[in-house]
Amino acid sequence: MHLKQLARDGLLKPLQAVSGIVERRHTLPILSNVLVEQSGGRLSVTATDLEIQITAQSDVAVPEGEPTAVTLPARKLQDLLRALPDDSLLSVDAQASKVVLKAGKSRFNLQSMPAADYPRITASQDMQQTVQVPQRQLRALFSLVAFAMAQQDIRYYLNGLLLVIDKNSMVAVATDGHRLSYASLALEGDYTHQEVILPRKTVLELSKLLAEDDAPATIDILVNQIRFRFGNIELVSKVIDGKFPDYNRVIPSGYTRHITLDRQLILHTMQRAAILSNEKFRGVRLVLTTGSLKIICANSDQEEAEEELEVPYEGDALDVGFNINYLLDVLMNLGSPEIVLSFGDAAASALITMPERSDYKYVVMPMRI
Amino acid sequence: MTTQRLIAHVDMDAFYASVELLRYPELRGMPVVIGGGSRHQPVVVTDPVTGEPTRRFSTLRGYAGRGVITTATYEARALGLHSAMGMMKAAQLAPDAVLLPVDFEQYRKYSRLFKAAVRAIAPLVEDRGIDEIYADLTDVVGPVAEPWARARDVAAEIKRAVRAATGLNCSIGVSPNKLLSKIASDLDKPDGLTILTPEDIPARIWPLSPRKINGIGPKATAKLTGLGIATIGTLAQAEPHYLVAQFGKSYGAWLHEAAHGRDERAVVTWSEPKSISRETTFERDLHPVRDRQALSRIFTDLCLGLTDDLRRKGYAGKTIGLKLRYDDFRTVTRDRTLDAPTQDMRVIRRAAGECLKSVNLDRKIRLLGVRASSLEAAGEAQLEPNLRLFD
């Protein structure tokens, strides 16, 4: 590969789009490299951790010619490019196992590894279904549920997000076994029912990469894989092979105790109370009586926070405990000005929704305090 | 004189298969076997001409793997298929038989329903697994002049109640004890109702093979055949001391009693399990190194399943065990005893993992199992403060 007069961002932008999945320490040394390819007048950068593979095209044109490829150490290359002036023009010169990168009077000699050895994930050719969604909507869908995913749970199928495509809707569900977040999105068209579990890392990466605009994201559901294409990016990921729990069974219906609250108000109230909650168990007591909601936290040093909110509630009194982190999570991630808190009895889950919207549900189990 | 006991054995007919037929009524009358995995889940296809959605089912044709049939419908049994038969063999006998995946959650649901229906009529019942129970009808029948006729009515009522609650048929045997009732329920299957009084024993029980007695397995049967004892009747005529000489003191004496249809065991409404376990035989033998990922996944699933079972049944186990069978059928087991009983899947996975580290992993493995024993009822101590969504 011999490139001249390449604008810095022509390489840095696609590199930054893919470098998030490059593992710092990996048993396969080549995985700390990215694959830079030149083909048909386009430059692209690919990274993989063997579970996910992201390819980003550069929007800067390069000379057409024989396709060529080199691998370069991802972190070092990114650090170098970022440290160069914004308007730098680069030259890239690959020689045997070395790549020489020049910008003005700067010259960097980087170790390379053979591009032919780069372990690419081959996307399955058996396409099962393709769905198109505006990027903004997909991003919003993920942000409503991603925070509820489990992390390093031995129930591996919870370390991800369930995506259900059915007729004219797309549903995303995540749970760690104690709380569950559900969001749905209307689709145009009529699709066959399909369920896949996206790995946690894939979801987090997509949340970063999807743009806040209405340009489409194309989702291809393949055999044991899923592919997302949007803007200059293509992401192929394995899906988790496992049985996601039956979420419909745990989403309550028919609750009669509802209170509508200003989201910022309840969030700030809880954030204050949380300071004095038990560090290990993170318990909070919610005491609901006619016209009042008390929020009480106490820690092991006998310190206590008590907050009271006036609420339009008439009904049986209720005294129930929760993990306050589970409540803070949802309050921080919902965009609506108000939320609706619904209760069953003290041993039942609480349901959090947005007023007048049936497309979002958050279920959280109580805690013994 | 003590009152004549009246014990019923209620046995669901082709239970798993019948539950599946409720879900897929279009399969009624066809040979169907249960035993597949999720890849055998029926798929809904839309007819390109009529636009009607129809279900497409997997069949045994081309089945490759080591799964065994858990249940076969009576139509499948007519083709020579039976439970515990390897499915590759079954595929040769009946390639067009429909194959359905096992859905234990569904079977457990129907199991609860049928047991509740029996209990509503005869409260004294002994659980014998997912698809059968014993019920003591003695008090239900009461001191009447014709206890056997009344017992038949009660049994018929149980059959109706089970059918109303589940839509499924069962076969019932009523006799003076569990041993005979178990044989009796099988005499007129499916949808049978057999009353067996002590007077019926010579005519109805003695012509049967000793194998029909619950407790006489294939080995004992073979030995009896070798001794020229091919029926329960011949067994009944054998001298007790001869049987003791051949089979040992306790089993020999029991054989004599059993052949005469004598069994004093009570209907035990509740008993503590000694251990809870999960195991699986792989589709193909797995290599500890080359198939490490697959093994690790299966191992984790077993621990998860075991944790689920413990939680559902309300137990915590103090001893966690591992069972491993190599490709040459050698089986090894290892145990780890914990400081405190647990139903925490992480603790179980870790303990089972330590057991796995202590066995030789130098050849392929065909079966892996995990087990919790030294069980205690789970108390507050084992409970997490935060309640779970999916228990």
Side-chain angles (χ1 to χ4, degrees), chain A residues 50-51 128 148 150 152-159 166 173-182 190 192-195 223 238 240-252 278 280-284 320-326 346-350 362-369, chain B residues 37-39 41-46 48 51 53-56 101-106 108-109 283 292-308 311-312 320 342-353 370 379-391:
Chain A
L50 302 180
E51 300 278 320
Q128 303 199 321
Q152 295 185 331
D153 197 299
I154 79 155
R155 293 165 294 180
Y156 50 88
Y157 45 82
L158 298 186
N159 301 324
D166 189 43
V173 186
T175 178
D176 63 2
H178 296 302
R179 44 85 180 261
L180 175 145
S181 194
Y182 162 104
D190 186 13
T192 309
H193 181 95
Q194 234 167 354
E195 301 190 2
V223 177
K238 286 190 186 169
I240 296 176
D241 177 20
K243 189 171 187 291
F244 203 82
D246 182 2
Y247 58 91
N248 282 315
R249 200 162 52 87
V250 300
I251 296 177
N278 182 302
K280 184 162 177 230
F281 297 112
R282 303 297 286 161
V284 60
V320 58
F322 293 100
N323 180 326
I324 198 163
N325 289 354
Y326 291 162
S349 59
Y362 184 75
V363 186
V364 55
M365 286 303 284
M367 183 174 191
R368 299 182 190 86
I369 294 187
Chain B
S38 53
R39 66 179 186 282
Q41 194 71 45
V43 287
V44 176
V45 287
T46 310
T54 51
R55 282 190 279 253
R56 197 167 64 206
V102 183
D103 180 358
F104 280 110
E105 235 168 89
Q106 190 77 354
R108 276 199 284 266
K109 184 183 131 195
E283 294 274 323
R292 196 191 157 87
Q293 264 195 323
L295 272 170
S296 160
R297 173 69 50 95
I298 290 166
F299 191 51
T300 300
D301 281 339
L302 287 169
C303 294
L304 287 173
L306 180 63
T307 310
D308 271 358
R311 291 231 173 88
R312 210 178 40 249
I320 303 300
T342 187
Q343 50 166 227
D344 180 323
M345 59 197 155
R346 287 179 192 84
V347 177
I348 290 171
R349 173 72 165 80
R350 200 180 314 127
V370 289
E380 286 283 325
Q382 284 96 35
L383 297 172
E384 291 172 85
N386 210 122
L387 303 184
R388 293 168 173 275
L389 276 166
F390 303 105
D391 277 350

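FYI, side chains are in, hydrogens and waters are out, and symmetry mates aren't considered; it's all heavy atoms of this structure. Order of the sequence lines sets the chain letters (A, B, ...), proteins ahead of strands, with each chain counted from 1.
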Who among Tyr157(A), Tyr326(A), Tyr247(A), Tyr156(A) has the most heavy-atom pairs with chain B under 4.5 Å? Tyr156(A)
What I'd like to find out is whether the side chain of [X] reaches to under 4.5 Å of the side chain of [Y], using heavy atoms alone.
X         : Y         : value
Leu306(B) : Met345(B) : no
Tyr182(A) : Val250(A) : no
Arg350(B) : Ile154(A) : no

Identify which part of [X] has an atom lying under 4.5 Å from any heavy atom of chain B, answering side chain, backbone, both or neither.
X         : answer
Asp176(A) : neither
Thr175(A) : side chain
Arg282(A) : neither

Give a yes or no on whether the backbone of Leu389(B) and the side-chain of His178(A) come within a donor-acceptor separation of less than 3.5 Å. no
